[in-house]
Enquirer: 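Please read through the structure below; I'll follow up with questions.
In the text below, chain A, chain B and the rest are named by the order of the sequence lines, each starting its count at 1. Quick caveat, the model's predicted, so the values are computed rather than measured.
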Protein chains: 2
Amino acid sequence: MRERARHDRTTIYDVARLAGVSHQTVSRVINNELGVAARTRQRVLDSIQQLGYRRRSAARSLASSTSQTLAVLSTGGCSYGPSATVLGIHRAAARHRLAVLSSLLERHTASAVPGALGLLLAEEPMALIAVTDDEQAAGTIARICEQSRTPYVLTGATPPNNELAPHASVRLDQETAGQEAVEQLLARGARRIGYIPGPRFSADAQSRQVGVLRAATQHGIPLRRLPEGDWTVKAGFRIADSLRSDEVDGIVAANDRMAIGAIQALQARGVSVPGEVQVIGFDDGPEAALVDPSLSSMRLSFDLLGVMAVRAALDLTRGTASDVAIRSQFVERGSVRTTRTSLARIGDRRPAAV
Amino acid sequence: MRERARHDRTTIYDVARLAGVSHQTVSRVINNELGVAARTRQRVLDSIQQLGYRRRSAARSLASSTSQTLAVLSTGGCSYGPSATVLGIHRAAARHRLAVLSSLLERHTASAVPGALGLLLAEEPMALIAVTDDEQAAGTIARICEQSRTPYVLTGATPPNNELAPHASVRLDQETAGQEAVEQLLARGARRIGYIPGPRFSADAQSRQVGVLRAATQHGIPLRRLPEGDWTVKAGFRIADSLRSDEVDGIVAANDRMAIGAIQALQARGVSVPGEVQVIGFDDGPEAALVDPSLSSMRLSFDLLGVMAVRAALDLTRGTASDVAIRSQFVERGSVRTTRTSLARIGDRRPAAV
DNA sequence: GAATTGTGAGCGCTCACAATT
DNA sequence: GAATTGTGAGCGCTCACAATT
């Protein structure tokens, strides 16, 4: 035998020796397999305890060609939605006793996606969950996963048509949310509605816009489409500031930040919110409740999105591909006027989902 | 040879055959080792490219008993500080081409720490970084890491005295930040300063308080210590609301949220901020700039904290233990009065760090 | 025959050393 | 002798099967 640094690590062989069984029996016990006599199992468990044995997952992965690891790639930095989604993924993964390997990138670092993905895939995760609303990044992720035959779940972006690797899509039903945002303003008496869209590259922004436009069409009201913003407060301010007085009596912004900026611009010009202009944002992030007036917003269940993404990933490994859309919820706050009439009639037209 | 499902996976042996070299030479190339002839290296690289070979990290870990993986355990949920720290860790890890295995828990889930840690340690990370300001959680983490001889880095909590496993501490210099917050108010004419502390279990809250109290003592001003809050806007509101009029002309709150709540309470009673009471928070999170008046805050470089934590973790694996404190920065906004006099004289007394 | 336990090879790398140029 | 390349065992598990109760 060669001279190799002898580690003091305990292996299943040590446990087996102490328990007086074979290594395979120990393997059966740590994998909770059936067909081990209760007494034997107990002896093995005692030995594990006594020696402080802990299974080496690298050895297991290598031998079984499977891992108990989920990979997560997010391009959302530390902004609220992506963070909450990633947190939901972790909660669900912990419940299934899966390890989570993650790579968090910031927006506009698409060039870093292949490198990050390579690092993740080297660990051979059972599946990869992409948390991104950047269509280009999602495309890159899908392509590389297809190449390496890694099952993947997209949250927020459009799934491709490829079929080399199993994949699924979990998303928030942003279209319906966009539609409801407009309908909430209509129900509150607004008739000249302006829409501040999010950036073109964002799938989220696109679907919200589709819903907004659809609502306007369906209800036969003109929609004032404002310039595209980049999600920031500053952009919301600038865009709302360019409006002529009286041009709108309601504003839907594609996210909370831009809605907050819009409110600030209106207030700076002495326009009352919600008296003269009502405003609704998207996300219902933590800042929505803090501003004055507090911001009404379409609440998107990012946490649930993460949980469903894990479920979809596990389904994939069992051969089932899912395509889930999660419903949003209107949160009424100070930036809109209260309404006495029930909105049920308008709201109920939406298709059920989840 | 037994019948075993033959995977189509390419290994270094496949690469070696194609390149006409031994598997060891391939290993040398993929590990960037010296002493491989340039021509040979190129042939191997070409073969890797051609076959789409990707190293299996499980095999590498098993054979070398080392991994290129960093484990991260956070108890901060998706709130700003912890998220930004975790993001910083990811940025730095990516730069070093390290995989990141993470477990994100929410506050008050201390009971989940051992389970989460077990899952992480099974992967045998080169080191673990704890992102928590919960002393109890940090204690548990330290104990378990010591047991399994895993190097660990604490961010935000106090390191223990154990010496079984190498460990380091990286933190934000919260004491100095607390001191400066008070001094900024003093420099702006405030003389009756109230302090809203964070929860007792939080190490962050404790160090901020130490600095605040020290500043008051040093400058010989009375400090009105208010009841302890739980970081929420609501707590800040409640605590500030319990103040008698004129009791304070300056408030330092242990975080932005509580500071925002305090401002709202004051404004609700018709007290002008910053006219009658000036307010300073901690964190400089995204909400600080959004409220009205915008909130002055002690900016803590969470991102840098994460980056330094990775550096400390790498140092640990080379046998160096570091203990780093990162300086904070005052961000002046609308919730304090402007001052014409330079603050350099008061500010300069602080010891240099990082 | 059913339930339980054991045997030995193999997963894909790295390590220590040997062999070749 | 220095630079480069090769050999075979071993890391700690699981797999497929065999052997035992």
Enquirer: Side chains of R54(A) and E124(B): does their closest heavy-atom pair fall under 4.5 Å?
Expert: no
Enquirer: Tell me the interatomic distance from L62(B), atom CG, to dT14(D), atom C1', rounded to whole angstroms.
Expert: 12 Å
Enquirer: Could you grab the distance from atom CG of L101(A) to atom CD of E123(B), nearest 0.5 Å is fine?
Expert: 8.0 Å
Enquirer: Side-chain donor-acceptor contacts of residues 70-78 of chain B below 3.5 Å, not counting sequence neighbours, with atom names and distances?
Expert:
from: S74(B); atom 1: OG; to: G76(B); atom 2: N; distance (Å): 3.1
from: T75(B); atom 1: OG1; to: T132(B); atom 2: OG1; distance (Å): 2.6

Enquirer: Using whole Å, report how far CD of Q68(B) lies from C1' of dC13(C).
Expert: 14 Å
Enquirer: Measuring only between side-chain heavy atoms, which start at C-beta, is E106(A) closer than 4.5 Å to L87(B)?
Expert: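 Yes. Closest side-chain heavy atoms under 4.5 Å.
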Enquirer: Nearest whole Å is fine: how far is dC13(D) P from N32(A) CG?
Expert: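 Answer to the nearest Å: 16 Å.
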Enquirer: Please report the end-to-end axis angle for the helix from dA2(C)-dT21(D) to dT21(C)-dA2(D), five pairs per end, rounded to 10 degrees.
Expert: 40°
Enquirer: Between R43(B) and D46(B) (salt bridge meaning N to carboxylate O under 4.0 Å), is one present in this structure?
Expert: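 Salt bridge: no.
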Enquirer: Mind checking whether V307(B) and R91(B) have side chains closer than 4.5 Å, heavy atoms only?
Expert: yes
Enquirer: Kindly point out which of dG12(D), dA9(C), dC13(C) is positioned nearest to the side chain of H23(A)?
Expert: dA9(C)
Enquirer: Listing time: all N or O pairs from protein to nucleotides 1-5 of chain D that are below 3.5 Å?
Expert:
from: dT5(D); atom 1: OP1; to: T40(B); atom 2: OG1; distance (Å): 2.4
from: dT5(D); atom 1: OP2; to: A37(B); atom 2: N; distance (Å): 2.8

Enquirer: Under 4.0 Å: is that the gap between some side-chain N or O of S27(B) and OP1 or OP2 of dC13(C)?
Expert: no
Enquirer: Between D14(B) and R17(B), is there a salt bridge with N-O shorter than 4.0 Å?
Expert: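 So R17(B) pairs with D14(B) through a salt bridge.
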Enquirer: Taking the six-membered ring for Trp, are H167(B) and Y152(B) parallel (under 30°), tilted (30 to 60°) or perpendicular (over 60°)?
Expert: parallel
Enquirer: Taking CZ from R17(B) and P from dG6(D), how many angstroms apart are they, rounded to a whole number?
Expert: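 After rounding, the reported distance stands at 14 Å.
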Enquirer: dG8(C), OP1 or OP2 - any side-chain N/O from Y13(A) closer than 4.0 Å?
Expert: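 For dG8(C), neither OP1 nor OP2 has a side-chain N or O of Y13(A) closer than 4.0 Å.
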Enquirer: Could you state the atom-to-atom distance from CG of D14(A) to P of dG12(D) in whole Å?
Expert: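 Taking CG of D14(A) and P of dG12(D), I get 9 Å after rounding.
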Enquirer: Starting from P on dC13(D), measure out to CD on E123(B) and report it in whole angstrom.
Expert: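 Rounded to whole Å, this separation is 13 Å.
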Enquirer: For E124(B) and dG12(D), give me the distance from atom CD to atom C1', rounded to whole Å.
Expert: 10 Å
Enquirer: Ignoring backbone atoms, establish whether R56(B) has a side-chain N or O less than 4.0 Å from OP1 or OP2 of dG12(C).
Expert: yes
Enquirer: Going from CD1 on I12(B) to CZ on R28(B), what distance comes out if it is rounded to the nearest 0.5 angstrom?
Expert: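 Here the interatomic distance stands at 11.0 Å.
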Enquirer: Please report, rounded to the nearest Å, how far the C1' atom of dC15(D) is from the CD atom of Q24(A).
Expert: 8 Å
